[in-house]
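Each chain gets a letter, A, B and so on, in the order the sequences are listed, and its residues count up from 1.
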There are 4 protein chains.
Amino acid sequence: MTRNRERIVQAARTLVSVGGFREAQVAAVAAEAGVSTGLIYRYFPSKTELFVEVLTVAIDAEIVILRGAAAAHTDARDQLGAAIEAFVRRALAGPALAYAFIAEPVDPEVDAERIRGRRRFGEVFRDILLAGIERKEFPAQDADVTAACIVGAFTEALVGPVAPILREKTAGPAQLVESIREVCLRAAGSVG
Amino acid sequence: MTRNRERIVQAARTLVSVGGFREAQVAAVAAEAGVSTGLIYRYFPSKTELFVEVLTVAIDAEIVILRGAAAAHTDARDQLGAAIEAFVRRALAGPALAYAFIAEPVDPEVDAERIRGRRRFGEVFRDILLAGIERKEFPAQDADVTAACIVGAFTEALVGPVAPILREKTAGPAQLVESIREVCLRAAGSVG
Amino acid sequence: MTRNRERIVQAARTLVSVGGFREAQVAAVAAEAGVSTGLIYRYFPSKTELFVEVLTVAIDAEIVILRGAAAAHTDARDQLGAAIEAFVRRALAGPALAYAFIAEPVDPEVDAERIRGRRRFGEVFRDILLAGIERKEFPAQDADVTAACIVGAFTEALVGPVAPILREKTAGPAQLVESIREVCLRAAGSVG
Amino acid sequence: MTRNRERIVQAARTLVSVGGFREAQVAAVAAEAGVSTGLIYRYFPSKTELFVEVLTVAIDAEIVILRGAAAAHTDARDQLGAAIEAFVRRALAGPALAYAFIAEPVDPEVDAERIRGRRRFGEVFRDILLAGIERKEFPAQDADVTAACIVGAFTEALVGPVAPILREKTAGPAQLVESIREVCLRAAGSVG
DNA sequence: TATGAATGAGTGTTCATTCAT
DNA sequence: CATGAATGAACACTCATTCAT
C-alpha cells in the first residue's frame with residue numbers, strides 16, 4: 001500500500017520536528033509509523049533518502065504556498081509582504097517545518113537538500129525583489145544578498161533560539177507576523 | 001598543566017569549524033590536541049561539557065569584539081554598521097566560528113548553549129537599536145524582532161547555503177560586507 | 001503448474017552459477033524466475049531445500065553424462081579418460097556447474113548435499129579404477145584415494161583459482177582438456 | 001597489548017575451522033577471544049581484514065613448511081613427495097587449516113586471499129616440477145596444470161567431503177599419507 | 001494457485017566513557 | 001598527572017519467511 005509510504009514520511013517528519021534528526025532513528029520512525037523497520041527499506045533505499053524526501057516534500061509545499069501568496073498581488077511590495085506573512089503564519093502554526101531549517105542533518109546528503117531548500121526560498125524572494133527593483137519600487141541593491149538576509153531573518157525570528165522569547169513577549173502571533181514583515185520590507189528598502 | 005586544557009578546547013574548536021560536530025569525536029579531539037582521550041575526561045566531565053565550553057569561549061570572544069567595534073562610534077547607525085561589519089569580516093576570514101552557529105549540535109545541552117549565544121548576539125544589536133530609537137535615529141519598532149532578524153540575516157548570508165554563491169558573485173569580500181551592512185541598516189530603518 | 005517449479009530451480013541454478021550462493025537470495029530467485037517470492041514457498045519448504053534440489057539435479061545430470069561417456073569404451077583407461085574429458089569439457093563450456101562445487105553453501109544442509117555430490121563423482125571414478133585394477137590396466141592402489149584425488153584435481157584445475165590463468169595460458173580449451181586428462185591418467189598409474 | 005591481537009586472530013581461526021565463515025560472526029570471535037566486539041576494531045578495520053589476515057597467516061606458515069620439507073632433498077621426486085607428505089600430515093593433525101581452503105568466504109576480498117593462497121601452493125609444486133622436468137626426472141608436461149591438479153588432489157582427499165570416509169577406511173593416517181603421496185607422484189609422471 | 005507487502009531477528013560497525021597502569 | 005587499551009550499548013541495514021488478499 002502506498003498508504004504506508006506516506007505514513008513513514010509523516011512519521012519521520014514528526015520525529016524530526018519534535019526531537020531533531022538525533023532522535024529520528026529508523027527504528028523510531030518505524031514505531032511512530034506503526035510498521036516494521038524492514039518496511040521502511042521497501043520504500044527507501046536508505047535512511048538518508050527518506051529524510052531527503054521528507055525535506056524535499058516539506059520545502060516543495062512551502063514554496064508553492066509562498067509563490068501562491070505572492071501571486072495574489074501585483075505590487076512587489078505587497079508580494080513580498082504576502083510571501084513573508086504566509087511563511088511566518090504557517091511556521092507559527094506548528095514546529096513541523098521549523099526544525100528542519102536550522103538543523104544540521106546527520107548526513108551530508110540530507111544537508112545538501114536542506115541547503116538547496118534554503119536557496120529555493122531565497123529565489124522566491126529574489127524574483128520578487130528583482131521585479132520590484134526594475135519597477136522602482138525598491139532601490140537598487142544586490143537582490144541575492146537581500147533575499148538571503150530575508151530568509152535568514154525570518155528563519156531566525158521564527159525557529160531560531162530567540163523565537164520562544166519573541167512569541168511570549170509580542171502581543172500574540174499577529175503582532176509578531178507584522179513585526180517580521182515590517183523588518184523584511186524595510187530590509188528590501190520599501191518605505192513603509 | 002592548564003596548558004593541556006587550552007589545547008583540548010582549541011583542538012575541539014578547530015575540528016568543529018572544519019568538519020562540524022559530526023567529525024569531532026573525542027578521540028579525534030585528543031589526537032588533534034596531542035593528548036590521550038583519557039586526559040580529556042580529567043578536564044571535562046563529558047564530551048557535552050567540552051563543547052559547551054568551546055561554544056561559550058568562542059561566543060564570548062565575538063561578543064567582546066562586537067561591542068568593541070560598536071563602542072568606537074557614537075551614532076547608533078554607525079555603531080550598528082560597525083558591529084555588523086566586524087562580525088561579517090571575521091566570519092569571512094575563516095570558517096572557525098561560522099559552522100557552530102547553524103549546526104545542530106549533537107547534544108541538546110550544546111544546542112542550548114548555541115541558542116544562548118545567538119540570543120546574546122541579538123542583545124548586542126538590540127541595545128544599539130534601542131539607543132538609536134530613543135535618539136530618533138531609527139523609527140519606532142520592536143527592537144527584539146529586528147535584532148533577531150539581523151542576526152539571522154547575516155548568519156544566513158555568511159554561513160548559510162547561499163554564502164558560497166554570494167562570495168563568488170559579489171566582487172570580493174569587501175563588496176559582500178558592504179551589501180550585508182546595507183541590508184541590515186535598512187532593516188533597522190536607517191535611511192541610507 | 002509444475003512448470004513454475006522448474007522455472008524456480010532453473011533460476012536458482014543460474015544465480016548460483018553466476019554469483020554464488022551469496023547473491024542467490026530468495027527474492028532474486030523469484031525475480032529471475034518471474035514469479036513471486038511466496039510461490040517459491042509453495043514448492044519448497046525453505047530456501048535450503050530449494051538449493052539442495054538445485055545441487056541434486058545438477059549432479060544427477062552430470063553423473064549420467066560421466067557414466068555414459070565411460071560406457072562408450074571398454075578399456076578402463078579409455079573409460080577414465082572419456083569420463084574426465086566429458087566432465088572437463090562441460091565445465092569449460094560454462095560456469096554453471098563449476099561454482100557450486102567449491103562454494104561453501106550458506107547452509108550446512110546444502111553443504112551436506114554438495115559433499116554427497118563429490119562423493120558420487122568419486123564413485124564413478126572408483127568403479128572405473130577398480131575394474132581397471134582387476135584387469136591389470138592400472139597398478140594396485142587405493143581406488144578411493146585415487147578417485148578422490150582425481151575429483152579434486154580437475155575441480156581445482158577447472159574452477160579453482162588457477163583456472164583463469166590456465167585457460168589463458170594453454171592453447172585453447174582442447175589443450176587444457178588434454179593436459180588434465182593426462183595428469184589424471186598418470187595419477188591412476190596408466191602408462192601413457 | 002599485542003597479546004589480544006593474537007588472541008583475536010586465533011579465535012577467528014578456531015571458529016572458521018570448526019564452523020566455517022558462517023558461524024564466525026564478529027561477536028562470536030570476540031566471545032571466543034574473551035574480548036569485547038569493539039576491541040576487534042582496534043586491531044582490524046573490518047571483519048574482512050581480520051579474516052584476510054587469518055588466511056594469510058595460515059597460508060604463509062604452510063608455504064614455509066612445504067618449501068622447507070622440499071629443501072631437505074635434492075631429487076625432484078623426493079622433494080615433491082616430501083612436500084606433499086608434509087602438507088598432508090599437518091592437515092591430518094587438525095581441522096584448523098582445512099576448512100579455509102574449500103570455503104567460499106562470505107566476502108569477495110577474503111575469497112581473493114584464499115585464491116591467492118591456492119595459487120601460491122601451486123607455485124611450490126610447479127617449481128619442483130619444472131626443475132624435475134629439466135633434469136629428466138619427470139616427463140615433459142604442463143607443470144602449471146599438474147601443480148594445480150596436485151593441489152586439488154590432496155585438498156580434496158584431505159579436507160574435501162571424502163576425507164572422513166577415507167580416514168575411517170584407510171589403516172591409520174600413515175597409510176593415507178602414503179596413498180596420497182603415491183597418487184600425486186604418479187600424476188607427476190614419476191615411476192614409482 | 002499466486003501475489004508481494006510486511007515482518008523482525010540478526011549482523012557489522014561506531015564511539016563516548018572507564019580504569020588499570 | 002597521564003595514558004590508551006578496553007568496553008558495550010546503540011544504530012543502520014538485510015533477508016528468509018509469512019499471510020491477507
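- When each of C:Ala27 and D:Ile40 is assigned the nucleotide of DNA chain F with its nearest heavy atom, D:Ile40 is the one assigned upstream, toward the 5' end.
- A close approach under 4.0 Å does occur between a side-chain nitrogen or oxygen of C:Asn4 and OP1 or OP2 of E:dA2.
- Of the candidates E:dG12, F:dA2, F:dT7, F:dA2 carries the atom nearest the B:Arg42 side chain, counting heavy atoms from C-beta on.
- Closest non-hydrogen pair, D:Ala11 versus D:Glu32, comes out as CB-CG, 3.4 Å.
- With F:dT18, F:dA2, E:dA2 as the candidates, the nucleotide lying closest to the side chain of C:Thr37 is F:dT18.
- Taking the side chain of C:Gln25 as heavy atoms from C-beta on, and the options F:dA16, E:dG4, F:dA5, the nearest nucleotide is F:dA16.
- Residue C:Ser36 has no polar side-chain atom (N or O) positioned under 4.0 Å from OP1 or OP2 of E:dG4.
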- Query: side chain to side chain contact (heavy atoms under 4.5 Å, CB included) between A:Val26 and A:Tyr41: does it pass, once the steps are laid out?
  - Reply: CA-CA 10 Å; A:Val26 174; A:Tyr41 289 88; 3.6 Å; yes

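- Residue-level contact check: C:Val26 touches the bases, meaning some heavy atom is under 4.0 Å from a base atom.
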- Candidate pair D:Glu53 and D:Glu113, rule side chain to side chain contact (heavy atoms under 4.5 Å, CB included), full reasoning: CA-CA 9 Å; D:Glu53 174 155 333; D:Glu113 185 60 24; over 6 Å; no

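- Backbone-only contact: D:Ser46 has heavy atoms under 4.0 Å from sugar-phosphate atoms and none from a base.
- Phosphate contact (OP1/OP2 of E:dA2, side-chain N/O of C:Tyr43, threshold under 4.0 Å): present.
- Along DNA chain E, the nucleotide closest to B:Ala24 and the one closest to D:Thr48 are compared, and the more 5′ of them pairs with D:Thr48.
- Atom-to-atom distance recorded for B:Leu50:CG and B:Arg5:CZ is 8.5 Å, nearest 0.5 angstrom.
- Atom pair D:Leu39:CG and E:dA16:C1' shows a separation of 16 Å (rounding to whole Å applied).
- Remark: E:dG8 base-pairs with F:dC15. Criterion, Watson-Crick or G-U wobble with two distances under 3.5 Å.
- Rounded to an integer number of Å, the gap from C:Tyr41 OH to F:dT17 C1' is 5 Å.
- Base pairing annotation: E:dT21 forms a Watson-Crick or G-U wobble pair with F:dA2, both donor-acceptor distances under 3.5 Å.
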